[in-house]
Number of protein chains: 2
Amino acid sequence: MKNLYSQVCEDILGQIRAGELRVGERLPPEAEYAATLGISRSTLRMAFAELEEAGVLKRRKRAGTEIISDRPQRRFSMATSGVAELLSLGRDTEFSITSTRQVPTEEIPQLAGLSSETGHWLEVSGSRRMQGESRAFSVNRVYVPARFAAIEPVLHEGRRSVFQTIEETFDVRIGRVAQSVRAVACPAEDAKVIGLEPGAPALRIEAQLYLSDERLMEVSVATFHPERFQVHNDVKIK
Amino acid sequence: MKNLYSQVCEDILGQIRAGELRVGERLPPEAEYAATLGISRSTLRMAFAELEEAGVLKRRKRAGTEIISDRPQRRFSMATSGVAELLSLGRDTEFSITSTRQVPTEEIPQLAGLSSETGHWLEVSGSRRMQGESRAFSVNRVYVPARFAAIEPVLHEGRRSVFQTIEETFDVRIGRVAQSVRAVACPAEDAKVIGLEPGAPALRIEAQLYLSDERLMEVSVATFHPERFQVHNDVKIK
DNA sequence: GCCCATAATTAGTCCGTACTTTAAAATTAT
DNA sequence: ATAATTTTAAAGTACGGACTAATTATGGGC
């Protein structure tokens, strides 16, 4: 290995793989560890930074350096400039709500097993269109747990996304997004809205948005017009 | 602002927004710049690291620090552990080649305007299946520029992805992936292979793989069975 | 036993210096 | 001109020291 700190990374990774260090354990304090390794604290910190980046370590003031995974991850960074972009909603689109209602968990397959929240969710139905255009390119259904149901009146005030409204109203931040993309035959009810034949190919995106403490923030199910919308990712590899 | 280096970040960003610094320009050398700002080089380097992370700066030894964007990007990291995962090809799938041939640029719409490479590309046609299963879940066509066409004999030796073969054979690394996902009506020729009715909804993924120097490495067009394949992203937000 | 103030600990920030590596630029040779 | 070589400027690596801030742990009061 060329650099000292990369070498230190490898060593720590090796010890984890060999079982000498285990997930959940804490490493010694920086100063102490650097001394025993015979390197400077700054060099150790560079190694730690790399391992933290790779998802192996987690560092917190006073709490120390914890091993949280034995599998370093090659890092990809998405070339997007906000969560809205990540969710593939351009800046120049607007969301209009057609209806809201309370639904019990059992009625919506996408909610099954996701949360032990109280039985009812706020369902927000709507569609999204390019600014200025008249026809929508997607039909959206967003499910909000009871905890955030109070946003309902606020939603009607603007054309913002549901997640943005929640972020602002409750002063919380998205921490993670799990998203799946499939091709489906467009349901008849949605086909009318986006101008498709029933049964024609359409793109279905289901997303779960979580807060940084892993609590569920919203579940969203959207059906997109296949010619007027596509998911585009641009991913740099470290 | 709390930290000196975050403050420096803000300052630089502010100057970019104000037009005092422009995209394409280079910042002064670290030592010099730190001196004029009246801070230590390490502190400046922390600020630079943050701005590089955000996609605003690009640093290269001896070449200096260049401003490459005026829009800092909120950071997303994908929870994948390799490019294969990123391209949504699980570890436990295998690729089999059905045919290869030389094609001119004009015949393939996905190649239009992508590269000024010489007129011919190596087209590798194949399908991908889960390990052990008999029916494929995707039909793939991969286009390799003439520069890498020599991999053709190597391809038939194993069941590895084309990009992996290129990486190994030429000792190069992927630097960026641009990917788009759409819903399409499955073409008749592909429908047979993955067991779909012609015209049924299918997922189409088109990807361009670039090397770190931005030269094109491969273009791939794949059609997926909608029930047996979906794109899944799990994205942490900083 | 529980709550609150205090102390101790640990990662984070900041400084300054010295040396190394890379690659752009300049120079020389073909 | 073009190719090979040398120079050199810039980021990268590494060291060590000092101070800061956050948070866990401790101890005292009720």
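Just so it is clear: chains get the letters A, B, ... in the order the sequence lines come, proteins before strands, and each one is counted from 1.
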Minimal non-hydrogen separation, L216(A) against Q208(A), with atom names
CD1-CB, 4.2 Å

Residues in salt bridge (charged side-chain N to carboxylate O under 4.0 Å, His left out) contact with E52(B), at least two apart in sequence or another chain:
R59(B)

Going by number, which of residues 39-48 of chain B have a non-hydrogen atom under 4.0 Å from DNA chain D?
R41(B), R45(B)

Excluding sequence neighbours, so at least two apart, what forms side chain to side chain donor-acceptor pair (under 3.5 Å) with Y143(B)?
E123(B)

Using only atom types and a distance under 3.5 Å, with no angle test, would you say the side chain of E30(A) pairs donor to acceptor with the backbone of R41(A)?
no

Nearest heavy-atom pair of L51(B) and C9(B): which atoms, and what distance?
CG-SG, 3.9 Å

Taking salt bridge (charged side-chain N to carboxylate O under 4.0 Å, His left out) as the definition, give me every residue that meets it alongside E168(B), ordered by chain and number, with sequence neighbours left out.
R160(B)

What does the list of N/O pairs under 3.5 Å between the protein and nucleotides 4-8 of chain D look like, with a distance for each?
unit_1, atom_1, unit_2, atom_2, d
dT8(D), O2, R62(B), NH1, 3.2

According to side chain to side chain donor-acceptor pair (under 3.5 Å), who are the partners of D70(A), at least two apart in sequence or on a separate chain?
none

What is the distance, rounded to the nearest whole Å, between atom CG of L4(B) and atom P of dT20(D)?
13 Å

Euclidean distance, atom CZ of residue R59(A) to atom P of dA22(D) [Å, nearest integer]:
16 Å

Identify the 5'-most and 3'-most nucleotides of DNA chain C with at least one atom closer than 4.0 Å to a non-hydrogen atom of chain B.
dT13(C) to dA25(C)

When rounded to whole Å, the CD to C1' distance for the pair E52(B) and dG12(D) reads 11 Å

Which residues within residues 25-38 of chain A lie with some heavy atom under 4.0 Å of an atom in DNA chain C?
P29(A), E30(A)

Please answer whether the main-chain N or O of S161(B) pairs with a side-chain N or O of Q164(B) as donor and acceptor at a distance below 3.5 Å.
yes

Validation: residues 16-23 of chain B side-chain donor-acceptor distances under 3.5 Å, sequence neighbours left out:
none

Is E167(A) reaching over with its side chain to a backbone N or O of I174(A), donor-acceptor style, under 3.5 angstrom?
yes

Could you list the residues that satisfy side chain to side chain donor-acceptor pair (under 3.5 Å) with T43(A), not counting sequence neighbours?
S40(A)

Identify, with sequence neighbours excluded, every residue that meets side chain to side chain contact (heavy atoms under 4.5 Å, CB included) alongside L37(A).
V8(A), Y33(A), I39(A), L44(A)

Only counting residues at least two apart or in another chain, list the ones meeting ring pair (Phe, Tyr, Trp, His ring centres under 6.0 Å) with F148(B).
F170(B)

